[in-house]
Amino acid sequence: MSRKQKKMLVRILISAALWIACYFPIPQPGSLVLYLISYAVIGWDVLWKAIRNILRGQVFDENFLMALATVGAMGSGEFGEGVAVMLFYQTGELFQSYAVGRSRKSIAELMDIRPDYANLEKDEGALEQVSPEEVQIGQTIVVKPGERVPLDGVILSGESSLDTKALSGESMPRSVLPGDDVVSGCVNLTGLLRVQVTRPFGESTVNKILELVENSSSKKARAENFISKFARYYTPAVVIAAVLMCVMAPLLGGDFSEWFHRALTFLVISCPCALVISIPLSFFGGIGGASKCGILVKGGNYLEALADVDRVVFDKTGTLTRGVFNVTAIHPDEISESRLLEIAAVAESYSDHPIARSLREAYGVPIDASRLSGLKELSGRGLSGLVDGQAVLVGNDRLMEENGIHWHPCHHVGTTVHVALEGRYVGHIVISDEIKPDAVQAISRLKAMGIRKTVMLTGDAKATGEDVAKRLGLDEVYTQLLPADKVNRVEALLSEGVGRGKLAFVGDGINDAPVLSRSDIGIAMGGMGSDAAIEAADVVLMDDQPSKIATAIAIARKTRRIVYENIVFALGVKAVVLILGAMGMASMWAAVFADVGVSFIAILNATRALKVPQTK
């Protein structure tokens with residue numbers, strides 16, 4: 001417990017002891033004094049909040065209801081009931097505070113990933129501890145064993161294992177070598193690492209995660225907004241009803257003291273604590289449970305929408321496949337294999353695309369960048385430029401056709417990179433991507449959960465896309481798509497929606513950002529995904545595992561089910577007890593159960609959202 005919670009527990013215990021003592025045979029003035037002291041110990045802050053809010057114009061809230069009901073009960077001589085109502089109300093508040101703290105804990109653990117300092121390497125190898133915000137791109141930092149990586153970068157020297165649990169939820173350490181990328185927030189477990197910084201702290205992985213987490217509670221779900229509006233009208237309505245009950249019934253011949261007591265009971269019953277507390281707590285618990293799995297949900301509204309997903313559309317490269325390309329075939333026309341690979345590698349020397357990197361790695365010779373000039377990136381098709389003064393085209397079959405180059409297909413399955421030199425077709429290179437280890441499992445899980453359609457969109461050749469789709473068991477695949485074509489295809493799939501069914505798009509590249517924004521739910525791969533994709537997405541998978549999509553949907557569905565259970569239970573019990581209270585058939589103790597008891601049960605139910613459901 002926090003210090004504040006411990007103080008409240010002490011107040012509850014003291015007040016409860018005094019309240020119980022009042023039921024022992026004590027002379028009347030003594031028991032009255034004990035009742036008043038017990039009430040003051042447990043209820044002074046509620047009375048103060050009620051008065052303060054009235055002065056601010058915020059009259060109808062739970063503090064006002066509790067103050068009115070308990071002071072009224074004690075004013076009518078029901079001292080024991082007045083103290084009991086306040087005592088159980090404060091106990092419920094303490095329980096709610098503890099439950100919220102528990103829900104926050106899993107998210108708060110992410111806050112520990114914020115680095116306190118960076119070891120900046122100075123001249124002659126000297127180290128200076130500075131704030132991560134002060135380190136510039138290109139500078140070198142040293143990460144010692146046991147320290148947290150403060151900034152994103154690439155390893156210059158050293159080997160180690162990194163604990164990535166805070167980012168991805170994975171317990172197995174990741175081995176890193178010189179040349180590997182490292183992201184901020186990981187813990188260096190073994191060796192000393194020298195890291196060249198590639199991003200300032202404001203754009204680092206750890207800072208983006210913290211921003212996502214801190215802003216997640218501001219995006220409220222429809223159920224949360226409904227409860228807020230409901231409470232705004234519900235509370236004044238029940239106060240007015242209680243006043244009318246107290247005033248009108250005696251005018252019609254009823255006993256004033258009896259109807260006054262009924263009105264007080266009615267007020268205690270009507271307090272909407274269970275709904276106001278448990279609904280936001282349920283969504284916060286769901287977001288916290290997801291964060292423990294390395295799934296960042298940017299708000300309760302996205303968690304609610306995720307529960308309605310019935311179609312999942314995937315990008316291929318980097319999402320279902322690892323984006324680790326290898327040259328698997330070189331088929332030259334007119335020139336040698338080595339010359340064909342050299343032309344393609346030089347032409348792609350400036351590109352950071354995985355295909356370009358695989359071509360350069362296969363070439364394996366340092367490239368003189370001055371050999372390339374006039375480079376033009378052609379979105380979704382390839383590039384053009386001059387290599388050693390000769391016009392070169394490197395790209396897919398669409399690029400060849402646009403330039404009137406006669407090309408021929410390859411019998412190998414993979415991404416075919418065609419090369420033309422001075423307007424002549426000189427051959428092609430086949431590059432194959434590797435399917436992620438859990439991609440097949442991801443698709444099978446989604447289908448087992450009732451997802452009615454799984455689709456893949458890719459800019460790759462038809463044969464490559466269809467081969468991957470067949471191996472994964474996807475329902476549909478669309479190939480040779482430009483970024484704009486992907487948006488159009490998602491638009492068409494959105495029009496096929498049935499009822500409340502939502503469409504989720506999963507991607508990782510910068511060209512996926514428009515599609516992520518257009519879909520009902522955008523899911524981005526946060527480990528290796530681009531900043532634009534992560535920014536545009538509603539859900540971020542920090543470990544790039546597509547199988548986590550099924551986990552996210554399962555968490556969302558469980559959270560929504562808990563929310564609905566609490567709404568039905570709380571409103572149902574209150575409606576029954578309110579009617580009984582108005583008829584004089586419910587005592588103040590029944591009112592306490594309808595308020596505090598229902599809140600207890602609803603909060604306990606809400607904390608179940610923290611437990612991650614198992615998906616098969």
Side-chain angles (χ1 to χ4, degrees), residues 154 179-181 198 315-332 335 337-388 390-400 402-403 405 407 410 412-421 425-434 458-461 464-465 468 479-483 507-513 525 527-533 544:
V154 60
D180 289 346
D181 293 324
T198 55
D315 175 52
K316 182 180 82 69
T317 305
T319 303
L320 292 173
T321 62
R322 296 180 62 184
V324 179
F325 291 86
N326 295 306
V327 173
T328 53
I330 303 174
H331 296 156
I335 60 176
E337 287 188 8
S338 59
R339 177 59 178 162
L340 177 64
L341 182 59
E342 179 186 8
I343 293 170
V346 173
E348 297 277 9
S349 59
Y350 283 107
S351 176
D352 196 39
H353 191 279
I355 290 178
R357 288 199 297 269
S358 67
L359 289 170
R360 294 196 298 270
E361 288 173 5
Y363 180 51
V365 177
I367 297 173
D368 182 359
S370 65
R371 296 177 60 188
L372 176 65
S373 60
L375 178 67
K376 291 183 180 178
E377 293 273 359
L378 306 171
S379 179
R381 300 187 296 282
L383 54 83
S384 65
L386 297 175
V387 174
D388 299 328
Q390 292 183 300
V392 171
L393 294 172
V394 178
N396 56 23
D397 49 6
R398 183 178 294 187
L399 178 64
M400 298 295 111
E402 287 178 356
N403 289 272
I405 307 293
W407 59 280
C410 183
H412 285 268
V413 175
T415 299
T416 304
V417 179
H418 299 283
V419 181
L421 184 65
Y425 186 70
V426 293
H428 56 257
I429 300 169
V430 181
I431 297 172
S432 298
D433 195 0
E434 183 180 341
T458 178
D460 286 350
T464 302
V468 172
T479 59
Q480 298 177 293
L481 300 177
L482 298 175
D508 76 311
I510 191 167
N511 61 341
D512 294 326
M525 297 292 170
M528 297 301 291
S530 71
D531 291 346
D544 288 354

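We're numbering straight along the sequence, starting at 1. If you're wondering where the values come from, they're calculated on a predicted model, not measured in any experiment. Computed from heavy atoms alone, side chains included, the values below leave out hydrogens, waters and symmetry copies.
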Could you tell me if [Y] and [X] have a donor-acceptor pair between their side chains, going purely by distance under 3.5 Å?
{"X": "Gln480", "Y": "Asp397", "result": "yes"}
{"X": "Ser370", "Y": "Asp368", "result": "yes"}
{"X": "Thr458", "Y": "Thr479", "result": "no"}

Roughly how far apart are [X] [atom1] and [Y] [atom2], rounded to 0.5 Å?
{"X": "Ser349", "Y": "Tyr363", "atom1": "OG", "atom2": "OH", "value": "10.5 Å"}
{"X": "Ile405", "Y": "Leu399", "atom1": "CD1", "atom2": "CG", "value": "8.5 Å"}
{"X": "Lys316", "Y": "Thr321", "atom1": "NZ", "atom2": "OG1", "value": "4.0 Å"}
{"X": "Tyr350", "Y": "Ile367", "atom1": "OH", "atom2": "CD1", "value": "10.5 Å"}
{"X": "Arg339", "Y": "Ile330", "atom1": "CZ", "atom2": "CD1", "value": "14.0 Å"}
{"X": "Ile355", "Y": "Asn326", "atom1": "CD1", "atom2": "CG", "value": "12.0 Å"}

Under 3.5 Å: donor-acceptor pair, side chain of Asn396, backbone of Arg398: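 Present.
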Less than 4.5 Å apart, any side-chain heavy atom of [X] and any of [Y]?
{"X": "Val430", "Y": "Thr415", "result": "no"}
{"X": "His418", "Y": "Tyr425", "result": "yes"}
{"X": "Leu340", "Y": "Val426", "result": "yes"}
{"X": "Leu393", "Y": "Met400", "result": "yes"}
{"X": "Leu386", "Y": "Val392", "result": "no"}
{"X": "Thr319", "Y": "Met525", "result": "yes"}

Chi angles and distances behind the side-chain hydrogen bond (donor to acceptor under 3.5 Å, both in side chains) call for Thr328, Ser432: CA-CA 6 Å; Thr328 53; Ser432 298; 3.3 Å; yes
Heavy atoms only: give me the nearest [X]-[Y] pair and the separation to one decimal.
{"X": "Leu341", "Y": "Leu359", "answer": "CD1-O, 4.0 Å"}
{"X": "Ala362", "Y": "Val327", "answer": "CB-CG2, 3.5 Å"}
{"X": "Val154", "Y": "Gly179", "answer": "CG2-O, 3.5 Å"}
{"X": "Val394", "Y": "Ala344", "answer": "CG2-CA, 4.4 Å"}
{"X": "Thr416", "Y": "Cys410", "answer": "OG1-CB, 4.2 Å"}

Test salt bridge (Lys or Arg N to Asp or Glu O under 4.0 Å) applied to Glu348 and Arg360, step by step: CA-CA 8 Å; Glu348 297 277 9; Arg360 294 196 298 270; 5.9 Å; no
Which residues share a ring-ring contact (aromatic ring centres under 6.0 Å, His included) with His412, sequence neighbours left out: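 So His412 forms a ring-ring contact (aromatic ring centres under 6.0 Å, His included) with His331.
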